[in-house]
Amino acid sequence: MLRAQDPNAIPRSAAMRWPEESLTMTLLAFDPETGAFRADGTRSSFGSARAGSGWSAAELEACVRAYRQLWVAQQAGTNMNKSALRREVVQQALSDRGEGAYERRMQNISAVMDELGLPFIHGYLPLRNVGAAKGEIIKLINKHWERSGEVEAPTADAEKLETRVASASQRMAGIKTSPPTGNKAVVRAESTSSQFLRDPNVIAWIRNEAAGICEACGDPAPFVRGDGVPYLEVHHMRPLSEGGPDTVDNAIAGCPNCHRRLHHADDREQYRATVIARIARLIDHPKRRVV
């Protein structure tokens with residue numbers, strides 16, 4: 001059974017799958033007229049540990065390489081035997097996992113491809129609960145699709161934005177890069193609610209520049225995320241809703257406490273002025289009308 005990420009989306013993607021890979025179900029009773037059933041389940045601690053963060057770099061490499069082969073065939077409009085490729089990869093690289101794990105991982109790769117703005121394989125609809133392997137999958141996609149010179153595209157979708165930030169951060173890691181240009185005239189994306197298109201390259205550069213330290217108070221990030229990245233939130237000193245640009249001279253990486261203070265505290269204007277005066281790259285952008 002699957003729960004759709006968005007039941008109205010085309011194509012659909014799964015937000016949750018049941019039973020899990022680590023859960024073995026035994027059907028005890030089934031009513032074909034109503035669909036009601038009763039089952040016992042046994043969870044395998046080994047299977048649970050092997051899922052997500054338990055995937056080795058070699059296993060993920062094998063899946064991404066296979067995905068790339070299918071992707072190239074799809075782009076060329078040629079057919080490729082998916083079943084034969086699946087059996088080959090499982091036998092050679094995923095013998096401890098099986099074909100079900102391979103299929104789900106290929107759907108995970110589709111999800112990351114989609115979040116990066118790349119076309120995904122039609123036969124593997126995006127499955128977005130990627131887990132701790134997401135960072136490695138992003139790295140492998142960037143490697144095999146030769147995206148080292150890519151600039152991530154802005155997006156208003158929070159999940160896509162975070163994936164693109166992670167991708168841009170990987171490319172910026174360990175090297176001093178020029179600040180991205182960002183967007184001085186930020187575009188509002190229309191949906192059921194109005195959102196702004198955010199530049200993932202700006203977020204990635206700001207976070208890398210902060211190096212895990214809140215740029216407002218100077219304290220280390222309060223915790224490390226599941227992917228090993230220090231948790232800091234990017235704050236626009238002049239909010240986008242007030243006409244502020246999505247550029248590095250209008251943004252800082254701050255701890256959640258300072259971020260909330262800059263939004264809601266009674267001294268928020270004074271605190272904002274103090275931070276702008278202390279960080280050389282920042283400009284006190286004026287309020288502008290947003291259209």
Side-chain angles (χ1 to χ4, degrees), residues 13-14 17 20-22 44-76 78-153 159-160 162-175 200 204 208 224-229:
S13 61
R17 179 187 297 271
E20 305 164 24
E21 181 183 356
S22 60
S44 165
S45 58
F46 172 79
S48 179
R50 292 280 289 171
S53 60
W55 282 68
S56 69
E59 289 174 324
L60 294 172
E61 173 85 29
C63 290
V64 173
R65 281 182 177 276
Y67 193 99
R68 171 73 181 177
Q69 291 181 55
L70 293 169
W71 187 88
V72 169
Q74 177 177 286
Q75 296 301 107
T78 59
N79 292 324
M80 189 171 181
N81 192 326
K82 282 176 58 180
S83 298
L85 180 61
R86 179 179 62 242
R87 287 192 296 270
E88 178 185 339
V89 173
V90 170
Q91 289 171 5
Q92 294 181 2
L94 305 179
S95 57
D96 290 340
R97 295 190 182 279
E99 296 189 1
Y102 169 88
E103 291 287 295
R104 284 188 287 279
R105 191 52 83 193
M106 296 294 269
Q107 287 185 269
N108 288 155
I109 297 170
S110 280
V112 178
M113 292 282 288
D114 183 48
E115 289 165 9
L116 290 172
L118 299 170
F120 57 85
I121 295 173
H122 302 322
Y124 288 115
L125 296 182
L127 183 64
R128 300 197 183 276
N129 52 333
V130 182
K134 190 169 190 176
E136 183 67 17
I137 291 173
I138 292 171
K139 182 174 78 173
L140 290 168
I141 289 174
N142 285 339
K143 169 187 169 184
H144 289 289
W145 273 257
E146 298 180 348
R147 301 183 76 242
S148 60
E150 289 289 323
V151 175
E152 302 296 342
E159 192 164 8
K160 290 181 179 180
E162 199 56 43
T163 299
R164 295 178 192 186
V165 169
S167 177
S169 294
Q170 287 182 3
R171 292 198 294 276
M172 295 177 187
I175 58 173
N208 283 1
V224 175
R225 304 187 320 185
D227 57 3
V229 176

#### Entry: Contact check, side chains of L116 and K160, non-hydrogen atoms, under 4.5 Å
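Sidechains of K160 and L116: no contact.
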### Query
Of all heavy-atom pairs between P200 and E152, which one has the smallest distance, and what is that distance?
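Taking every non-hydrogen atom into account, CG-CB, 3.3 Å.
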#### Entry: Exercise: identify the closest heavy-atom pair between A73 and M80
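Heavy atoms of A73 and M80 come nearest at CB-CB, 4.1 Å.
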### Check ion pair E162-K134 (N to O, under 4.0 angstrom)
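No, E162 and K134 are not salt-bridged.
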### Query
Closest heavy-atom contact between Q170 and N142?
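It is OE1-ND2, 4.0 Å.
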### Query
Looking at CD1 of I121 and CD of Q75, how far apart are the two atoms once the value is rounded to the nearest 0.5 Å?
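So the CD1 of I121 and the CD of Q75 are separated by 9.0 Å.
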### Message
Let me confirm one number: the CD1-CZ distance from I137 to R105, rounded to the nearest 0.5 Å.
### Response
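Interatomic distance, I137 CD1 to R105 CZ, rounded to 0.5 Å: 4.5 Å.
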### Task
Answer whether the closest heavy-atom distance between the side chains of W55 and E136 falls below 4.5 Å.
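Counting from C-beta outward, W55 and E136 never come under 4.5 Å.
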### Message
What's the separation between atom CZ in R86 and atom CG in N81, rounded to the nearest 0.5 Å?
### Response
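The CZ atom of R86 sits 9.0 Å away from the CG atom of N81.
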### Message
Can you tell me how far apart CD (Q69) and CZ (R65) are? Round to the nearest 0.5 Å.
### Response
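So the gap between those two atoms works out to 9.0 Å.
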### Query
Heavy-atom count around E146 CD within 6.0 Å, excluding the residue itself: above 12?
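Counting other residues, nucleotides and ligands, CD of E146 stays at 12 neighbours or fewer.
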#### Entry: Evaluation steps, salt bridge (charged side-chain N to carboxylate O under 4.0 Å, His left out), between E159 and R128
CA-CA 9 Å; E159 192 164 8; R128 300 197 183 276; 5.0 Å; no
### Message
Using the salt bridge (Lys or Arg N to Asp or Glu O under 4.0 Å) criterion, which residues pair with E150? Sequence neighbours excluded.
### Response
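Salt bridge (Lys or Arg N to Asp or Glu O under 4.0 Å) check on E150 returns nothing, list empty.
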### Message
Working to the nearest 0.5 angstrom, can you tell me the gap between M106 CE and F120 CZ?
### Response
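The distance works out to 13.5 Å.
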### Heavy-atom closest pair, residues N108 and L127
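Shortest heavy-atom separation between N108 and L127 comes out as ND2-O, 2.7 Å.
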### Task
Mind running side-chain contact (heavy atoms from CB on, under 4.5 Å) on C63 and L94 for me, showing each step along the way?
CA-CA 9 Å; C63 290; L94 305 179; 3.8 Å; yes
### Nearest heavy-atom neighbours spanning G123 and K82
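The pair with the smallest heavy-atom distance is O-NZ, 3.4 Å.
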### Task
Take E61 and K143 through the salt bridge (charged side-chain N to carboxylate O under 4.0 Å, His left out) test and state the conclusion after the steps.
CA-CA 10 Å; E61 173 85 29; K143 169 187 169 184; 3.4 Å; yes
### Message
What's the separation between atom CD1 in I109 and atom CG in L118, rounded to the nearest 0.5 Å?
### Response
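It is 12.5 Å, given to the nearest 0.5 Å.
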### Task
Apply side-chain contact (heavy atoms from CB on, under 4.5 Å) to the pair Y124 and L70, showing each step before the final yes or no.
CA-CA 10 Å; Y124 288 115; L70 293 169; 3.9 Å; yes
### Task
Consider only side-chain N and O atoms of S167 and R171, and report whether a donor and an acceptor are under 3.5 Å apart.
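Side chains of S167 and R171: pair found under 3.5 Å.
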### Task
Assign the ring pair W145 / Y67 to parallel, tilted or perpendicular, where the plane angle (0 to 90°) is split at 30° and 60°.
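Tilted, since the angle between the ring planes falls between 30° and 60°.
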### Query
Got a donor-acceptor contact below 3.5 angstrom from the E99 side chain to the V90 backbone?
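Such a contact is absent between E99 side chain and V90 backbone.
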### Task
Indicate the atoms forming the closest heavy-atom contact of Q91 with S95, along with that distance.
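For Q91 versus S95, the nearest heavy atoms are O-CB, 4.2 Å.
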### Query
Got S110 and D114 here, is their nearest side-chain heavy-atom distance under 4.5 Å?
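When only atoms from C-beta onward are counted, D114 and S110 do not touch, as no gap falls below 4.5 Å.
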